[in-house]
Amino acid sequence: MRVVAIMNYKGGVGKTTLTANLGAVAARRGLRVLLLDLDPQTNLTFSFFSIDDWHDRLKDERTIRRWYDADMPGRDVSLADLVVTPERVNQALGKSTGQLDLIPSHLGLIDIDLELAARLGGTTTLDGSKRRFLDLHGCLRSALQDSRFSDYDLVLIDCAPNFGLVTKTAIVASEHILVPAKADYLSTLGLDYLVGNCAGLVEQFNDYVNHKRGSGDHGPIDPAFLGVVFTMVQIYSQQPVLAQHAYIEEVNLNSRVPVLKSTVRNSTNHFGNAGESGIPGILRASTKTNDDVVKEFDQLADEVLGALELSGDHR
Ligand SMILES: Nc1ncnc2c1ncn2[C@@H]1O[C@H](COP(=O)(O)OP(=O)(O)OP(=O)(O)O)[C@@H](O)[C@H]1O
Ligand SMILES: [Mg+2]
């Protein structure tokens with residue numbers, strides 16, 4: 001099982017769109033995929049379920065909010081009990097033996113995130129507070145070790161555009177981090193800062209783990225940046241437009257994060273109106289031949305799944 005956090009605390013850069021479409025393409029290639037919606041905006045969940053469905057079938061019982069909402073996440077409900085299988089997208093996988101499952105989110109997760117952070121205090125001894133730090137930050141990582149998750153090939157975690165405690169639990173749980181970004185000044189400016197913040201979290205976590213007393217079951221973490229994937233790229237004559245090309249090159253040359261060769265093109269036809277059909281746009285468009293956007297996205301899937309050593313026999 002490979003666990004990948006899809007994160008960038010810049011909002012609106014295409015995290016959720018990438019998570020939904022990459023998950024769907026991986027499932028169509030025969031992989032068993034679990035998507036985890038950790039964003040209170042709940043956009044990933046609404047990419048697969050209608051708002052009515054969410055209200056009637058998911059809201060009270062089957063959302064990640066329930067899991068985080070305890071003195072220690074997971075005390076009241078186990079993560080695996082929250083998994084749902086969205087029908088429309090799975091029907092659209094055709095003959096594939098793959099599957100796409102989801103742990104839905106809840107708009108109220110925002111309050112839980114703040115409460116969780118407050119719970120980091122509350123112990124008086126140094127060992128106690130380190131233990132609490134490890135237990136809270138490591139909660140998702142521990143929960144994903146449940147044997148009921150072991151059949152999944154790939155877990156994609158759609159993070160909220162912030163560096164709150166819930167996002168940090170995703171980073172601790174992940175072996176890999178994928179960073180969607182737009183090729184513009186403000187988006188590229190924050191990338192090194194993001195890498196620095198992740199490194200700081202990893203360092204603190206491992207420092208507490210190494211301070212043996214009270215580290216419990218937690219081992220060291222070492223999430224690796226798969227890279228930045230540029231999204232909403234405007235293509236002209238088969239190339240990114242000049243202004244965007246310059247930002248992509250700049251990050252390529254000067255940033256501490258690797259840049260993926262593949263990009264996601266700007267296409268409202270393919271990536272707009274997420275959710276209405278419950279089937280990610282790339283899957284809907286894949287029936288057409290000679291669709292450049294589909295081809296590009298397939299290359300991206302090759303690159304990401306290849307780096308995760310998940311390509312090959314699954315097609
Ligand atoms: N490649 C694309 N081409 C055209 N539109 C896109 C593309 N990718 C995403 N969009 C659109 O841009 C908007 C933002 O995308 P998305 O919700 O995936 O970003 P996000 O990073 O998850 O946002 P947030 O930070 O709010 O969670 C959405 O309306 C989506 O439909
Ligand atoms: Mg999002």
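Read the numbers this way: they start at 1 and go in the same order the structure lists the ligands and their atoms.
Looking only at atom types and distance, the side chain of Thr169 has a donor-acceptor partner in the side chain of Tyr68 under 3.5 Å away. No side-chain donor-acceptor contact under 3.5 Å links Asn21 and His270. Ser105 and Asp39 form no side-chain donor-acceptor contact under 3.5 Å, judged by distance and modelled atom types alone. Checked by atom type, the side-chain pair Asn43/Thr16 shows no donor-acceptor distance below 3.5 Å.
The closest protein non-hydrogen atom to atom 19 (O) of ligand 1 is Gly14 N, 3.0 Å. Atom 17 (O) of ligand 1 has its closest protein heavy atom at Thr16 CB, 4.1 Å. Annotation: atom 10 (N) of ligand 1 to nearest protein heavy atom, Met232 CE, 3.9 Å.
In terms of heavy atoms, Thr263 sits closest to Val233 at CB-CG2, 3.9 Å. Val179 approaches Leu194 most closely through the heavy-atom pair CG2-CD2, 4.1 Å. Taking every heavy atom of both residues into account, Leu308 and His176 meet most closely at CD2-CD2, 3.3 Å. In this structure, Val25 and Ala301 approach most closely via the heavy-atom pair CG1-CB, 3.8 Å.
Using a 4.0 Å cut-off between a side-chain N of Lys or Arg and a carboxylate O of Asp or Glu, Asp81 and Arg148 qualify as a salt bridge.
By the criterion of a heavy-atom distance under 4.0 Å, neither the backbone nor the side chain of His270 is placed next to ligand 1. In Asp39, the part holding a heavy atom less than 4.0 Å from any atom of ligand 1 is the side chain.
Atom 29 (O) of ligand 1 lies below 4.0 Å from none of the non-hydrogen atoms of the protein. When distances from atom 13 (C) of ligand 1 to the protein are checked, no heavy atom turns up under 4.0 Å.
Note on Thr16: counted as a metal contact of the Mg ion (ligand 2), an N/O/S atom lying under 2.8 Å.
Within 6.0 Å of atom NE2 in His245, 12 or fewer heavy atoms from other residues, nucleotides or ligands are found, so the atom counts as exposed in its surroundings.
Under the 3.5 Å distance criterion, the side-chain polar atoms of Glu175 are matched with a main-chain donor or acceptor of Val3. With Gln234 contributing its side chain and Gln244 its backbone, the two residues share no donor-acceptor pair below 3.5 Å. Remark: the backbone N or O of Phe149 is not paired with any side-chain donor or acceptor of Asp146 at under 3.5 angstrom.
With ligand atoms numbered from 1 in the order given, ligand 1 contributes 1 (N), 2 (C), 3 (N) to contacts under 4.0 Å with heavy atoms of Arg265. Numbered from 1 in the order shown, with element, the atoms of ligand 1 that lie under 4.0 Å from a heavy atom of Gly12 read 19 (O), 20 (P), 21 (O), 23 (O), 24 (P), 25 (O), 26 (O). Every atom of ligand 1 with a heavy atom of Ser267 under 4.0 Å away is listed here by number and element: 2 (C), 3 (N), 4 (C). Listed by number with element, the atoms of ligand 1 under 4.0 Å from a non-hydrogen atom of Val264 are 1 (N). Under a 4.0 Å criterion applied to the non-hydrogen atoms of Gln41, ligand 1 contributes the atoms 24 (P), 26 (O), 27 (O). Taking a cut-off of under 4.0 Å to the non-hydrogen atoms of Thr17, the atoms of ligand 1 that pass are 8 (N), 9 (C), 15 (O), 16 (P), 18 (O), 30 (C). Contact atoms of ligand 1 toward Val13: 19 (O), 20 (P), 21 (O) (distance under 4.0 Å to a heavy atom of the residue).
Taking any N or O of Lys15, backbone or side chain, at least one lies under 3.5 Å from an N or O belonging to ligand 1. Between Gly272 and ligand 1, no N or O atom pair is found at a separation short of 3.5 Å. Considering backbone and side-chain N/O atoms, Leu18 never comes within less than 3.5 Å of an N/O atom of ligand 1. Ligand 1 has no N or O atom lying under 3.5 Å from any N or O atom of Gly11, backbone or side chain. Here's the thing with Thr268: none of its N/O atoms is less than 3.5 angstrom from an N/O atom of ligand 1.
Distances from atom 5 (N) of ligand 1 to the heavy atoms of Phe271, Phe230, Tyr9 put Phe271 nearest.
Remark: distances from the non-hydrogen atoms of Thr231 to ligand 1 are all 4.0 Å or more.
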